[in-house]
There are 2 protein chains.
Amino acid sequence: MMEKDDFTPQDFLPFLLNRAAEECSLEFQGEYKNRYGMLRTEWRVLFHLGIYGSLTAKEIGVRAKIHKTKISRAVAKLAERRFVTRNRDENDRRAEHLALTPAGEMAYRDLRSVAREYDDKLTSRFSEDEAVLLRRLLKKLSGIET
Amino acid sequence: MMEKDDFTPQDFLPFLLNRAAEECSLEFQGEYKNRYGMLRTEWRVLFHLGIYGSLTAKEIGVRAKIHKTKISRAVAKLAERRFVTRNRDENDRRAEHLALTPAGEMAYRDLRSVAREYDDKLTSRFSEDEAVLLRRLLKKLSGIET
DNA sequence: CCTTGTTAGTTACAAAATCAACTATTATCG
DNA sequence: CGATAATAGTTGATTTTGTAACTAACAAGG
């Protein structure tokens with residue numbers, strides 16, 4: 001009973017992904033937490049609105065793979081702080097179009113530059129090609145090609 | 001005031017990492033959850049013991065970048081289910097050496113083969129070179145070269 | 001020895017995530 | 001039309017996590 005055994009569990013992808021994601025998220029958290037007292041889900045929502053302009057909670061969930069209750073609560077907090085506005089869709093009154101307020105825009109641009117610096121710091125460990133490839137592969141893993 | 005603007009926040013690495021890790025972890029969870037009712041941290045601990053034989057909670061934490069309280073609770077559950085044993089270090093009686101019981105070994109080998117299949121499925125989307133590079137880069141990101 | 005500091009691991013309490021059930025609205029189809 | 005199903009989003013109950021404080025054991029310096 002010959003068993004091919006080239007599998008090294010310490011290289012198990014979900015395992016490596018979790019570890020890297022955890023490491024980076026925690027480190028990056030230090031950069032923004034004391035700026036706006038924002039939680040991980042909140043800046044992710046903020047980023048999405050900053051990038052794409054206006055989205056519904058549902059759309060954010062699909063793009064970012066975040067659970068809808070997490071988004072619901074994050075949006076509630078962001079709206080409370082006047083970082084986002086909610087606008088009912090007139091064609092489908094279940095959906096709400098979310099967008100950044102000017103204050104939200106400012107916070108986004110600020111965090112965006114912090115993110116850029118941190119991203120540069122991370123990718124400085126790689127060659128340009130490696131960085132490009134890494135991003136492409138990560139997108140492939142989450143089933144998103146764009 | 002010219003601003004170089006080659007930074008696309010939707011490609012922000014911590015963001016891509018989180019999304020990919022979340023996607024894979026959730027999908028993989030479906031493969032093992034109903035087998036042993038194990039949580040993410042628990043199988044990660046189980047894997048480490050399976051791979052490295054015997055470790056202290058501290059060592060697992062460093063290698064896997066998992067917070068010590070999470071490990072403490074995961075170990076408690078695994079011990080309760082008779083998957084791991086605890087042995088006080090005689091030289092330093094603060095530390096405990098953890099190891100798998102035969103039942104733990106069986107669970108590990110079972111999950112390991114599930115993991116192998118899932119890993120194959122994931123990496124089948126890439127070329128061999130890409131898969132190797134991806135793992136290398138992920139290790140680099142978590143500050144571990146080995 | 002004995003104070004002070006450090007480390008391994010646990011635990012209490014607060015914060016957050018998950019799950020299930022819910023409202024309100026729209027879609028489907030007999 | 002009218003019943004049933006589906007969808008966007010919210011809320012409450014439960015579970016899990018993170019923070020900080022704790023115990024117990026060791027270490028170093030006086």
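We name chains A, B, ... by the order of the sequence lines, and we start the count at 1 in each one.
Atoms CG and CG, on Leu134(A) and Leu13(B) in that order, are 5.5 Å from each other to the nearest 0.5 Å.
Within a 6.0 Å radius of CZ in Arg88(A), more than 12 heavy atoms belonging to other residues, nucleotides or ligands are found.
Residues passing the salt bridge (charged side-chain N to carboxylate O under 4.0 Å, His left out) test with Arg73(A), sequence neighbours excluded: none. With sequence neighbours excluded, the residues forming a salt bridge (charged side-chain N to carboxylate O under 4.0 Å, His left out) with Arg40(B) are Glu22(B), listed by chain and number. Under the side-chain contact (heavy atoms from CB on, under 4.5 Å) criterion, Val114(B) pairs with Phe28(B), Glu31(B), Arg35(B), Asp110(B), not counting sequence neighbours.
Within the structure, side-chain hydrogen bond (donor to acceptor under 3.5 Å, both in side chains) contacts touching residues 90-103 of chain B (residues at least two apart or in different chains) are Arg86(B)-Glu96(B), Asp89(B)-His97(B), Asp92(B)-Arg94(B).
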Between the protein and nucleotides 11-15 of chain D, list every N/O to N/O distance that falls short of 3.5 Å.
unit_1  : atom_1 : unit_2   : atom_2 : d
dG12(D) : N7     : Arg73(A) : NH2    : 3.1
dG12(D) : O6     : Arg73(A) : NH1    : 3.3
dG12(D) : O6     : Arg73(A) : NH2    : 3.0

Grab the N/O contacts between the protein and nucleotides 25-29 of chain C below 3.5 Å, and write none if there aren't any.
unit_1  : atom_1 : unit_2   : atom_2 : d
dT25(C) : O2     : Arg94(A) : NH1    : 3.3
dT26(C) : OP1    : Arg93(A) : N      : 2.9

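Taking every side-chain heavy atom of Lys70(B) into account, dG18(D) is the closest of dA17(C), dA8(C), dG18(D).
Rounded to a whole Å, the CD atom of Gln29(A) is 10 Å from the P atom of dA16(C).
Under 4.0 Å is where a charged nitrogen must lie from a carboxylate oxygen, and between Arg109(A) and Glu105(A) at least one such pair does.
Heavy atoms of Lys58(A) sit under 4.0 angstrom from primed sugar atoms or phosphate atoms, though from no base atom. Note on Arg40(B): nothing from the nucleic acid sits closer than 4.0 angstrom, heavy atoms only.
Heavy-atom nearest nucleotides on DNA chain D were determined for Thr56(A) and for Glu22(A), and the one closer to the 5' end corresponds to Thr56(A).
Tyr118(B) and Glu27(B) share a side-chain donor-acceptor pair at under 3.5 Å.
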